[in-house]
Protein chains: 2
Amino acid sequence: MQKMNNKNQIFIDKLRSSGLRPTKQRVEISTFLFKRKKTFHFTVEELKNSMNLKRSKKISTATFYNTVHALKSAGYLKEFSLENNTSYYDTNISSHHHFFDNGKVIDIKSDKITFKKLPEAPKGKKIKNVEVVIRLENNN
Amino acid sequence: MQKMNNKNQIFIDKLRSSGLRPTKQRVEISTFLFKRKKTFHFTVEELKNSMNLKRSKKISTATFYNTVHALKSAGYLKEFSLENNTSYYDTNISSHHHFFDNGKVIDIKSDKITFKKLPEAPKGKKIKNVEVVIRLENNN
DNA sequence: ACTTAGTTTAGAACTATTATAAAGTAGATA
DNA sequence: TATCTACTTTATAATAGTTCTAAACTAAGT
Ligand SMILES: [Mn+2]
Ligand SMILES: [Mn+2]
Ligand SMILES: [Zn+2]
Ligand SMILES: [Zn+2]
């Protein structure tokens with residue numbers, strides 16, 4: 001394979017540090033996910049459809065799942081669930097909260113929510129993170 | 001079908017007000033779910049397995065799903081998701097929060113968490129509820 | 001008791017995801 | 001650069017949770 005010009009090096013590095021060889025398909029996925037101004041939320045199916053739309057030779061479903069799982073395990077993606085039995089992924093890996101508005105997911109920056117009171121972790125356990133979901137509905 | 005003695009009337013009432021006739025199967029499900037000292041969390045598969053274990057004539061999968069969905073739509077159950085693409089249901093329908101501890105779900109009473117600061121809803125929207133998930137991990 | 005709209009059920013269908021295994025490739029080595 | 005091999009991609013099958021279908025059954029009104 002052709003050596004990539006080094007402007008995509010940071011996307012390649014995410015793959016390598018996720019334990020993945022930077023193949024053509026994976027570099028495209030990593031670049032698609034992380035070369036953007038704003039973070040976003042996606043399902044694997046959405047990712048596959050939007051990337052494959054513009055390609056003649058499609059990337060396979062298994063490659064999308066494998067790559068997303070490895071990036072998630074390495075901490076470059078966060079996973080969450082709505083109430084529809086589908087995994088969603090978030091390219092914003094900082095600790096933050098969400099509005100859920102009929103299937104639409106909107107970030108809430110961490111400093112927009114603060115706590116007056118929080119419970120202790122049960123003994124033998126400690127708190128990994130605290131995440132808030134604010135469900136929305138339409139006015140009237 | 002034999003008329004139920006009226007000590008199960010409140011479980012029958014939940015069915016009726018969910019738009020369901022109180023059939024033998026549904027009354028057993030409703031009674032199993034709501035005749036207890038403590039609320040609990042379950043998946044439909046778990047509910048089916050634990051109820052059918054002690055029965056000679058099994059209740060069908062479709063009846064479990066139908067009944068749970070109707071009870072949920074009527075507000076007698078709340079639904080939530082972990083990160084495993086399965087729907088969980090909660091017989092505690094009051095507003096409350098959860099610890100998630102490796103697939104185990106523990107209630108946190110509403111008054112154990114209070115907020116110093118919360119964001120406004122986006123315009124045209126209002127807040128339906130605010131729910132906190134505290135993810136746990138083992139000490140050390 | 002009769003009637004019928006609603007219900008139960010087995011099984012098929014569907015959707016998201018994971019597993020399989022054959023063919024292809026990255027990257028190390030000669 | 002040619003060779004080698006462990007890793008990767010892919011088509012496809014398998015699985016799991018859930019929903020749909022339609023025939024047999026039943027609650028409950030008359
Ligand atoms: Mn997954
Ligand atoms: Mn459901
Ligand atoms: Zn987010
Ligand atoms: Zn709960």
Side-chain angles (χ1 to χ4, degrees), chain A residues 1-4 8-9 11-13 15-30 41-52 55-74 77 79-89 103, chain B residues 1-4 8-9 11-13 15-30 41-52 55-74 77 79-89 103:
Chain A
M1 177 200 169
Q2 195 76 354
K3 187 165 179 305
M4 282 279 160
N8 284 332
Q9 194 57 46
F11 312 117
I12 292 176
D13 289 345
L15 294 169
R16 287 219 187 273
S17 62
S18 302
L20 298 179
R21 283 188 187 171
T23 63
K24 180 159 56 64
Q25 293 89 337
R26 287 168 177 171
V27 172
E28 288 200 41
I29 293 171
S30 182
H41 308 99
F42 65 93
T43 67
V44 171
E45 202 64 19
E46 290 167 355
L47 175 65
K48 184 181 80 162
N49 291 337
S50 58
M51 286 194 64
N52 275 343
R55 296 173 55 90
S56 40
K57 177 100 176 50
K58 312 300 187 194
I59 298 173
S60 73
T61 303
T63 294
F64 282 106
Y65 275 101
N66 289 341
T67 305
V68 165
H69 283 163
L71 289 170
K72 188 221 158 184
S73 296
L77 293 172
E79 186 179 2
F80 64 95
S81 270
L82 304 188
E83 264 110 84
N84 64 352
N85 317 310
T86 313
S87 286
Y88 284 75
Y89 294 90
Chain B
M1 176 201 168
Q2 194 75 351
K3 187 166 179 304
M4 280 282 160
N8 285 331
Q9 195 56 46
F11 312 117
I12 293 175
D13 290 345
L15 294 169
R16 287 219 186 274
S17 61
S18 303
L20 298 178
R21 282 188 187 168
T23 63
K24 180 161 55 68
Q25 293 90 333
R26 288 168 176 171
V27 172
E28 289 200 42
I29 294 171
S30 181
H41 309 100
F42 65 93
T43 67
V44 172
E45 202 65 17
E46 290 167 355
L47 175 65
K48 185 181 78 164
N49 291 338
S50 58
M51 287 193 65
N52 275 344
R55 296 174 55 89
S56 41
K57 177 103 178 46
K58 312 300 185 194
I59 298 173
S60 72
T61 303
T63 294
F64 284 105
Y65 275 101
N66 290 342
T67 305
V68 165
H69 283 163
L71 290 170
K72 188 219 159 183
S73 296
L77 292 172
E79 186 179 3
F80 64 95
S81 268
L82 304 188
E83 265 109 84
N84 64 352
N85 319 310
T86 313
S87 286
Y88 284 74
Y89 294 90

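All of these numbers come straight from a predicted model, not from anything done at the bench. So you know, we letter chains A, B, ... as the sequences are listed, proteins then strands, and number each from 1.
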[atom1] of [X] versus [atom2] of [N]: gap in Å, rounded?
X: A:Met51; N: D:dT9; atom1: CE; atom2: P; result: 12 Å
X: A:Lys72; N: C:dT18; atom1: NZ; atom2: P; result: 10 Å
X: A:Leu20; N: D:dA6; atom1: CG; atom2: C1'; result: 14 Å
X: A:Ile29; N: D:dT8; atom1: CD1; atom2: P; result: 13 Å
X: B:Leu15; N: D:dA28; atom1: CG; atom2: C1'; result: 16 Å
X: A:Asn66; N: D:dC7; atom1: CG; atom2: C1'; result: 12 Å
X: A:Lys24; N: C:dG24; atom1: NZ; atom2: P; result: 13 Å
X: A:Asn49; N: C:dA16; atom1: CG; atom2: C1'; result: 13 Å

Nearest heavy atom decides the nucleotide; on that basis, is B:Ala62 or A:Thr86 closer to the 5' end of DNA chain C? B:Ala62
With a 4.0 Å cutoff (strictly under), does any side-chain N or O of [X] reach OP1 or OP2 of [N]?
X: B:Arg26; N: C:dT8; result: yes
X: B:Thr63; N: C:dT9; result: yes
X: A:Ser87; N: C:dT17; result: yes
X: B:His69; N: D:dT18; result: no
X: A:Asn85; N: D:dG17; result: no
X: A:Tyr65; N: C:dT17; result: yes
X: B:Gln25; N: C:dT9; result: yes
X: B:Lys57; N: C:dT8; result: no

Could you list the residues that satisfy side-chain contact (heavy atoms from CB on, under 4.5 Å) with A:Thr86, not counting sequence neighbours? A:Thr43, A:Asn84, A:Tyr88
Quick check: do B:Leu47 and B:Tyr89 have side-chain heavy atoms less than 4.5 Å from each other?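 SC-SC contact between B:Leu47 and B:Tyr89 ruled out.
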So, do B:Asn85 and A:Ser87 sit near enough that their side-chain heavy atoms are less than 4.5 Å apart? yes
Taking any heavy-atom pair under 4.0 Å as a contact, classify B:Lys48: base, sugar-phosphate, or nothing. nothing
To the nearest 0.5 Å, what is the distance between CG on B:Leu77 and NE2 on B:His41? 11.0 Å
Nucleotide N/O to protein N/O under 3.5 Å, stretch nucleotides 13-15 of chain D:
none

Residues that A:Phe64 engages under ring-ring contact (aromatic ring centres under 6.0 Å, His included), provided they are two or more places apart: none
Just to verify, what does B:Phe11 make a ring-ring contact (aromatic ring centres under 6.0 Å, His included) with, not counting sequence neighbours?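 Scan of B:Phe11 (ring-ring contact (aromatic ring centres under 6.0 Å, His included), adjacent residues dropped) gives none.
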Under the side chain to side chain donor-acceptor pair (under 3.5 Å) test, which residues partner [X], sequence neighbours left out?
X: A:Ser17; value: A:Tyr76
X: B:Asp13; value: B:Gln9
X: B:Thr63; value: B:Ser60

Test of understanding: with salt bridge (charged side-chain N to carboxylate O under 4.0 Å, His left out), list the residues that count as partners of A:Glu45, not counting sequence neighbours.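 For A:Glu45 the salt bridge (charged side-chain N to carboxylate O under 4.0 Å, His left out) partners, ignoring immediate neighbours, are A:Lys48.
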Contacts under 3.5 Å, N or O only, protein and nucleotides 27-30 of chain C:
{"from": "C:dG27", "atom 1": "OP1", "to": "A:Arg16", "atom 2": "NH1", "distance (Å)": "3.4"}
{"from": "C:dG27", "atom 1": "OP1", "to": "A:Arg16", "atom 2": "NH2", "distance (Å)": "2.8"}

